[in-house]
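Numbers here are sequence positions counted from 1. As the structure is a prediction and not an experimental result, all values here were calculated from the model.
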Amino acid sequence: MEKRGKEKWKHGLLAAVCFTALMAMPWGVAAAGEQPAGVVKEVSEEGVSVTLATDKSSYDAGEEIHYTLTIVNGKSLAAIKGAEFTYSNTEGLLPASEEGLPTSFPDISAGESVTLSGVLVGDETLLASAGTGNAGTAASADTGENTDASADREEETGGNTKTAVIIGVAAAVILLLAVLGFLIMRKKSASAGNGKKTGAGKGSGRSGGAAGLALLLALCMAGGALPVQAAGKDSVTLRPYVKFEYAGQEVMIRTVMEFGFSGERWVVAPEDKAQNKQITCHDPSIFKDLDGVYYVLGTHITGGRSTNLYDWVSLDNVIRESYSLETRNEVRAWNKENNKGDWFGYLWAPDVVYNTAMGKYCIYLSADGDDWKSNIVMLTADYVTGPYEYAGSIVYGGFNGDTFGETDAPQVLGTDQIPERYVTNGVDNKKWGDMWPNCIDPCVFYDDEGRLLMAYGSWSGGIFMLELDPETGLRDYSVNYEENIHSDPYFGRKIAGGSYASGEGAYIQKIGDYYYLFISYGGLEAAGGYNVRVFRSERPEGEYVDALGNSAYYDKYALNINQSVGVRLMGGYQWRHFNVGQVAQGHNSAFVDDDGRAYIVFHTRTTNGTEGHYVKVHQLFQNKEGWLVAAPYLTHGETLKEDGYSVAEVTGNYEVILHELEIDYKNLEAKQPGMITLNEDGSITGDYAGSFSLESGTPYITLVLDGVSYSGVALEMEIEGTVLKTMVFTALGKENQVTLWGSRVISD
């Protein structure tokens with residue numbers, strides 16, 4: 001990992017010195033006059049080390065060779081998965097007994113080690129060549145992979161130590177110049193990379209420099225046993241080897257060991273566990289009633305109620321039974337071709353507001369159909385749970401010349417003839433989505449001026465906004481809209497998305513001084529990469545931008561699931577005590593409670609192999625720059641300490657989840673926690689290096705990890721699924737708008 005500025009120079013000099021020392025030494029050969037008991041080589045990478053050792057450095061013909069392989073798991077929160085391994089070079093040597101050699105290792109917990117042992121003897125070929133001067137035959141079988149070993153052999157047999165020293169010094173000087181040049185270029189590159197548009201690609205240069213430095217330091221530490229770069233994110237391959245003499249000839253033992261990792265679980269004691277009551281409600285829209293009870297309404301006419309936001313009771317049957325047959329028929333009138341299955345199967349993503357002028361609960365509901373033939377209807381009720389009555393449709397999609405007159409478009413546009421733009425980009429030629437929205441996923445809200453607004457749309461043409469009449473709850477026909485790339489006279493003002501870039505479930509909530517626009521990118525399936533993005537604006541109509549200044553518009557197609565456009569509140573993740581990871585969090589709503597606390601409400605799927613989902617509520621906070629960050633755990637009545645904490649109160653060991661944008665969502669990747677320590681001197685050590693600071697008299701915390709600054713808040717929370725409390729932080733990267741979560745470790 002990249003170290004901060006001045007530390008790079010120290011590491012470069014250290015690497016050069018190590019390299020000089022190594023080149024000047026005959027590796028694997030004892031100093032003059034000494035006869036070591038055995039040959040020992042260690043190789044390490046990513047916190048895992050393997051030491052291969054023999055009991056002697058020279059053996060007589062027929063003598064047994066005893067060796068050990070010691071594997072140490074130095075990773076803080078990951079176990080090594082048990083696996084088999086192979087030997088790539090033992091030519092001329094045979095197992096000394098029928099038991100053979102060790103070829104597998106067991107699971108190794110964090111901080112633990114395992115030692116394996118084996119016994120070899122020389123084979124007939126090796127013994128037959130003893131004393132014939134044919135030294136080195138057995139060790140020459142490396143197939144080109146072991147270039148480090150052959151380099152050792154040349155140095156040992158060259159016989160000219162002074163030459164080796166001169167070459168080593170020269171190489172060190174060259175290396176030092178290369179390191180200095182590299183660091184200068186990295187410094188320039190880092191300075192040039194601080195612009196707004198570079199967030200998504202910052203990791204590549206940093207990881208390349210870190211890999212080079214790690215390689216040099218590994219050479220210093222391993223005495224010539226060269227570690228191989230990790231085979232993947234979750235594995236590392238090591239090839240330890242030793243060379244020694246047998247019957248006067250040089251031989252070698254060399255292994256190839258691949259290590260996979262799994263998160264080291266934290267097992268919560270039974271008395272510390274807690275279980276919240278969950279409900280299934282896809283696309284949950286939150287509403288707090290006048291009596292203080294919280295309700296969510298969702299897709300397929302589902303819903304639930306809660307008094308605390310973490311224990312929920314299902315109301316599916318109650319809500320479905322409140323739809324009369326007459327109401328069902330009126331809702332489905334526009335979607336004639338989509339009446340298969342349950343009557344509620346095509347009714348999606350409702351949103352509810354209490355209209356004070358009408359004295360009614362107004363529910364806005366998506367009625368979806370094939371070929372974009374969708375519309376948003378409004379229902380009214382005297383209670384949030386119904387019964388509901390059909391009041392009218394707000395907007396229609398997917399019309400053509402034959403069905404244009406069945407909509408309110410002629411009334412809005414003042415013509416009985418369908419305008420050419422809805423034909424050029426129409427349903428008949430399958431181009432409707434090139435420009436126009438799928439009329440689903442409504443979000444209805446009052447702005448500060450008392451206007452009643454509705455955001456809606458999904459993928460295809462993007463997210464649009466219409467003004468509604470506060471007296472009727474329906475479309476305000478007195479408001480006109482321009483015709484341009486971001487506006488249409490019928491569909492209203494475009495505020496985000498477009499060009500088939502993913503984006504749906506828009507939700508707008510005023511928090512503090514800004515209107516925040518939430519949009520879900522990706523597909524809603526567990527392996528679809530669903531994730532919530534946030535933009536903000538001082539006006540409800542926009543323009544909406546993210547923390548890097550990126551617009552919410554997509555005027556040309558982009559595969560945006562893992563893009564750095566929009567602040568992503570969270571990705572797939574799994575804390576150490578979770579049985580499964582949480583993925584595909586999305587289609588949220590948000591609200592500010594009476595006490596000023598803000599919340600995000602969403603459905604989440606898991607990595608258990610199903611499409612099951614349930615409702616979660618996390619508290620939202622604003623960092624010092626006014627950007628939203630989500631609490632690391634579901635809400636449980638936590639409160640920000642407005643005057644903040646002292647350094648002593650926040651120091652300790654933390655699990656940290658860095659919600660990197662690049663995530664293998666197709667394979668249900670859930671980020672596993674790393675480990676850092678917040679030290680009393682303000683430094684950060686562990687899997688990431690850096691520093692932290694607290695703003696006095698506030699809950700704000702700033703963390704610098706590997707050169708990236710994260711701005712957020714610190715607070716105490718109840719750990720999800722337990723009754724235990726701990727210090728946590730949630731922060732947003734200033735340079736990369738990547739979310740960082742931390743949770744202080746409670747002793748296992």
Side-chain angles (χ1 to χ4, degrees), residues 4 190-191 193-200 202 448 496 507-519 531-540 542-552 563-571 588 590 592 596-600 618-632 638-645 650 656-661 678 682 684 688 690-715 728-742:
R4 291 180 296 166
S191 299
N194 288 330
K196 290 181 178 180
K197 301 282 187 177
T198 60
K202 286 184 177 179
D448 286 346
Y507 204 90
I508 296 174
Q509 177 64 50
K510 179 79 178 293
I511 302 174
D513 296 331
Y514 294 97
Y515 291 89
Y516 291 91
L517 169 64
F518 301 80
I519 304 178
N531 66 99
V532 175
R533 301 299 180 113
V534 181
F535 303 82
R536 79 181 185 190
S537 171
E538 294 181 352
R539 297 282 297 167
E543 181 176 351
Y544 286 94
V545 297
D546 66 13
L548 296 180
N550 298 309
S551 171
Q563 268 193 349
S564 182
V565 175
V567 173
R568 190 180 69 179
L569 292 178
M570 66 190 77
N588 72 285
V592 178
R597 300 181 196 177
Y599 299 90
I600 180 172
H618 285 221
Q619 192 172 170
L620 293 171
F621 308 101
Q622 288 179 295
N623 67 6
K624 188 176 180 180
E625 293 72 33
W627 288 102
L628 296 181
V629 289
E638 64 282 344
T639 303
L640 275 183
K641 187 179 179 184
E642 293 302 325
D643 58 351
Y645 297 91
V650 302
V656 289
I657 293 178
L658 186 62
H659 292 274
E660 296 168 307
L661 292 173
L678 303 189
I684 296 176
Y688 304 93
S691 62
F692 76 97
S693 61
L694 302 168
E695 183 172 307
S696 178
T698 76
Y700 296 137
I701 184 172
T702 299
L703 305 100
V704 180
L705 301 184
D706 294 342
V708 178
S709 180
Y710 297 85
S711 174
V713 297
L715 70 154
V728 303
F729 59 76
T730 174
L732 183 68
K734 292 183 179 180
E735 296 88 355
N736 59 12
Q737 65 181 14
V738 169
T739 295
L740 174 70
W741 283 350

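Glu543 is linked by a side chain to side chain contact (heavy atoms under 4.5 Å, CB included) to Ser551, Tyr553, counting only residues two or more places apart in sequence or in another chain. Qualifying side chain to side chain contact (heavy atoms under 4.5 Å, CB included) partners for Glu638, counting only residues two or more places apart in sequence or in other chains: Gln619, Thr635, His636, Leu715, Met717. Take Val738 and apply the side chain to side chain contact (heavy atoms under 4.5 Å, CB included) test, not counting sequence neighbours, and it matches Leu658, Leu661, Asn736. Residues passing the salt bridge (Lys or Arg N to Asp or Glu O under 4.0 Å) test with Arg597, sequence neighbours excluded: Asp595. With sequence neighbours excluded, the residues forming a side chain to side chain contact (heavy atoms under 4.5 Å, CB included) with Ser709 are Thr702, Val704, Lys734, Glu735, listed by chain and number.
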Q: Dump the intermediate steps for side-chain contact (heavy atoms from CB on, under 4.5 Å) on Val708 and Tyr710, then the final yes or no.
A: CA-CA 7 Å; Val708 178; Tyr710 297 85; 3.6 Å; yes

Q: Begin from the C-alpha positions of Ile684 and Leu678 and carry the test side-chain contact (heavy atoms from CB on, under 4.5 Å) through to its verdict.
A: CA-CA 5 Å; Ile684 296 176; Leu678 303 189; 3.5 Å; yes

Q) Going through the checks in order, is the side-chain contact (heavy atoms from CB on, under 4.5 Å) test met by Ile508 and Tyr544? A) CA-CA 11 Å; Ile508 296 174; Tyr544 286 94; 3.7 Å; yes

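Minimum heavy-atom separation, Ala731 to Leu703: CB-CD1, 4.3 Å. The nearest pair of heavy atoms linking Val545 to Trp627 is O-CH2, 3.3 Å. Heavy atoms only, all atoms of each residue included: Asp546 and Gly566 are closest at OD2-N, 2.8 Å. Of all the heavy atoms in Ala631 and Phe621, the pair that sits closest is CB-CE1, 3.8 Å. Scanning all heavy atoms of the two residues, the minimum distance from Pro699 to Leu640 falls at CB-CD2, 4.0 Å.
The CG atom of Leu732 lies 9.5 Å from the CG atom of Leu628; values are rounded to the nearest 0.5 Å. Separating the OH atom in Tyr645 from the CD1 atom in Ile701 is a distance of 11.0 Å, to the nearest 0.5 Å.
A donor-acceptor pair is defined here as one N or O able to donate and one able to accept, closer than 3.5 Å; such a pair exists between the side chain of Asn623 and the backbone of Ser711. Under the 3.5 Å distance criterion, the side-chain polar atoms of Glu695 are left unmatched by any main-chain donor or acceptor of Tyr700. When atom types are taken as modelled, the side chain of Thr730 and the backbone of Pro632 share no donor-acceptor pair closer than 3.5 angstrom. No side-chain donor-acceptor contact under 3.5 Å links His659 to the backbone of Met570.
The aromatic rings of Trp741 and His618 sit parallel to each other, their planes meeting at less than 30°, with 60° as the upper class boundary.
For Lys641, the NZ atom sits in a packed shell: over 12 heavy atoms of surrounding residues, nucleotides or ligands are nearer than 6.0 Å.
Contact of the Gln737 side chain with the Asn550 side chain is registered, since non-hydrogen atoms from C-beta on lie closer than 4.5 Å.
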Under 3.5 Å, which donor-acceptor pairs do the side chains of residues 512-519 form with other protein atoms, sequence neighbours left out?
from	atom 1	to	atom 2	distance (Å)
Tyr515	OH	Asp448	N	3.0
Tyr516	OH	Gln622	NE2	2.8
Tyr516	OH	Gly626	O	2.4

